[in-house]
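See below for the structure under consideration.
Chain letters run A, B, ... following the sequence lines, proteins first, then strands; residues in each count from 1.
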Protein chains: 2
Amino acid sequence: MTGSVTPPLPSSPGTPGGATELALSPVGEPPPLRADAARNRTRLLEAASQLMAGCGAAQLTMDAVAAAAGVGKGTVFRRFGDRTGLLVALLDHREQQLQAAFLTGPAPLGPDAPPLERLHAFGPALVRHERDHHELILSSRTDPLRTYDVPANRLRLTHVTMLLRQAGVAGDAELLAHTLLGSVDSVLVHHLIVERGMPLDRVLAGWHDLVTRLVTRPSSAT
Amino acid sequence: MTGSVTPPLPSSPGTPGGATELALSPVGEPPPLRADAARNRTRLLEAASQLMAGCGAAQLTMDAVAAAAGVGKGTVFRRFGDRTGLLVALLDHREQQLQAAFLTGPAPLGPDAPPLERLHAFGPALVRHERDHHELILSSRTDPLRTYDVPANRLRLTHVTMLLRQAGVAGDAELLAHTLLGSVDSVLVHHLIVERGMPLDRVLAGWHDLVTRLVTRPSSAT
DNA sequence: ACTTTAAACGGACCCCGGTCCGCTTGATTC
DNA sequence: GAATCAAGCGGACCGGGGTCCGTTTAAAGT
């Protein structure tokens with residue numbers, strides 16, 4: 001179980017400017033749910049997953065999910081904050097596999113391979129994963145800014161940043177990681193392939209090329 | 001006047017798979033509006049702009065815009081398709097300045113400077129422009145896929161692609177252009193600066209660094 | 001077992017985006 | 001200037017996201 005989606009509890013409007021800390025992820029103690037709450041959470045995720053499988057994201061209305069799970073509508077919102085929250089939770093759950101693959105899995109994705117190799121392998125793995133779940137991803141992007149707060153995406157960023165550093169890349173590893181990840185962003189790739197008819201191979205070649213360019217030290221400037 | 005926002009006329013469901021051509025932008029004859037329609041269009045854009053300036057994007061409801069412009073709600077939808085369409089039209093209008101700057105303006109942005117210099121200048125110009133309009137941009141991103149269809153964004157892509165080619169870059173210019181543009185995407189930059197506290201200079205340095213890396217031929221691979 | 005308390009629950013309710021369809025009006029033709 | 005017709009118009013209507021608040025119930029204390 002993920003347990004990562006900390007819903008925006010109504011008790012935390014707090015300081016608006018909140019510069020005390022990042023305050024976005026006071027991850028440390030996701031207070032355990034009450035028994036019934038946990039049970040309902042599971043039911044809701046299952047119901048949502050089935051509705052999704054059955055009729056696509058369009059049919060995934062909050063009322064429908066609530067009804068299918070046999071709970072009230074308010075409960076869904078209490079648990080997941082809003083529709084996006086529910087979708088993210090659903091997605092987050094499906095991320096586990098991918099995360100396991102690059103965190104602890106076998107080479108070339110896992111920690112046994114050298115950083116550069118892992119980096120090269122990471123792109124295709126991501127693209128494949130995102131293609132499998134693109135509908136869910138698409139519909140969870142209603143609020144563009146929140147994308148960067150999704151745990152899965154944060155994890156990817158840290159991962160790529162780390163790999164870049166380990167590969168001995170010169171320069172701003174964090175920014176470069178953003179750039180790399182952006183180049184295989186789910187929405188972009190979907191656009192390129194579906195709407196522009198670009199072959200998948202070309203996108204993947206782009207990833208490898210980009211990794212190579214970024215890892216290579218720029219020899220001459222203007 | 002832009003005149004670019006061709007609303008999805010109810011008469012054009014046509015062939016769904018439409019592989020005849022791109023069919024996305026049959027730009028060629030935006031059929032002229034009837035007098036009253038044109039008048040209302042202007043009124044609506046003005047009303048929207050004022051509401052935006054007055055109370056922010058949140059208050060920009062379709063009803064409010066319609067009321068402020070003194071027309072019916074249906075008219076707004078007929079003209080702009082949906083809320084996003086209205087926002088894009090608004091944004092598109094404000095793009096003119098930027099577009100003029102890099103299409104026909106003076107060096108280093110305009111055509112009088114060498115390609116590489118234009119490329120370096122383009123990033124900062126974009127970032128500045130996007131910061132000025134980030135609220136509008138943000139709220140026009142509800143439908144992530146449509147982003148790539150916005151005329152302004154297409155233009156940017158072609159522009160950067162062209163500059164890359166002119167600068168003699170080796171490799172997939174179109175993909176590289178996507179990558180470059182992605183690295184200064186409005187939402188990303190806003191996230192980095194506002195939520196992560198990254199100084200603007202660092203983002204801009206990232207752009208220059210990236211341009212340099214991409215233009216430089218990768219000397220050694222794995 | 002009984003009390004207490006905060007969390008969880010449910011569904012009526014509100015708001016807004018988007019649709020629909022009958023009416024109006026600007027353009028064009030004769 | 002009258003007739004014709006497509007384009008434009010408007011606002012009632014619908015459905016779904018999100019909120020609110022009175023009620024219920026799991027858990028902790030005695």
Rounded to the Å, how far apart are [X] [atom1] and [N] [atom2]?
X: B:Phe80; N: C:dG17; atom1: CZ; atom2: P; answer: 15 Å
X: A:Phe77; N: C:dA12; atom1: CZ; atom2: P; answer: 15 Å
X: B:Arg78; N: C:dC21; atom1: CZ; atom2: P; answer: 14 Å
X: A:Leu44; N: C:dC9; atom1: CG; atom2: C1'; answer: 12 Å
X: B:Asp82; N: C:dC16; atom1: CG; atom2: P; answer: 17 Å
X: A:Arg41; N: D:dA26; atom1: CZ; atom2: C1'; answer: 19 Å
X: A:Asp63; N: C:dC13; atom1: CG; atom2: P; answer: 15 Å
X: B:Leu51; N: C:dC16; atom1: CG; atom2: P; answer: 12 Å

If you compare every side-chain N and O of [X] against the phosphate oxygens of [N] (OP1, OP2), does one of them come in below 4.0 Å?
X: B:Asn40; N: D:dC9; answer: yes
X: A:Arg79; N: C:dC9; answer: yes
X: B:Thr75; N: D:dG10; answer: yes

Checking A:Arg118 side chain against A:Phe102 main chain: does a donor-acceptor pair fall under 3.5 Å? yes

How are the rings of B:Tyr148 and B:His178 set relative to one another: parallel (under 30°), tilted (30 to 60°) or perpendicular (over 60°)? perpendicular

Specify whether B:Phe122 and B:Trp207 have parallel, tilted or perpendicular ring planes, treating 30° as the upper limit for parallel and 60° as the lower limit for perpendicular. tilted

Is there side-chain contact between B:Leu192 and B:Leu188, with heavy atoms separated by less than 4.5 Å? yes

Note: B:Arg41-B:Asp36 ion pair, threshold 4.0 Å (strictly below): no

Would you mind checking if A:Arg83 and A:Asp143 are paired as a salt bridge, meaning a charged N to carboxylate O distance below 4.0 Å? no

Which residue lies more 5' along DNA chain D, comparing B:Gly74 with B:Pro32 via nearest heavy atoms: B:Pro32

For the side chain of [X], counting heavy atoms from C-beta on, which of [options] is nearest?
X: A:Leu33; options: D:dG18, C:dA8, D:dG17; answer: C:dA8
X: A:Asp36; options: C:dA8, C:dG17, D:dG8; answer: C:dA8
X: B:Arg83; options: C:dG26, D:dG17, C:dG17; answer: C:dG17

N/O donor-acceptor pair, side chain B:Arg34 with base D:dA7, under 3.5 angstrom: yes

Check DNA chain C against residues 65-73 of chain B and give the residues with a non-hydrogen atom under 4.0 Å, in numerical order. B:Lys73

Hits for side-chain hydrogen bond (donor to acceptor under 3.5 Å, both in side chains) against A:Gln99, two or more places apart or cross-chain, chain-then-number order -> none

Residue pair B:Ala35/B:Met62 against DNA chain C: nearer the 5' end by closest nucleotide is B:Met62

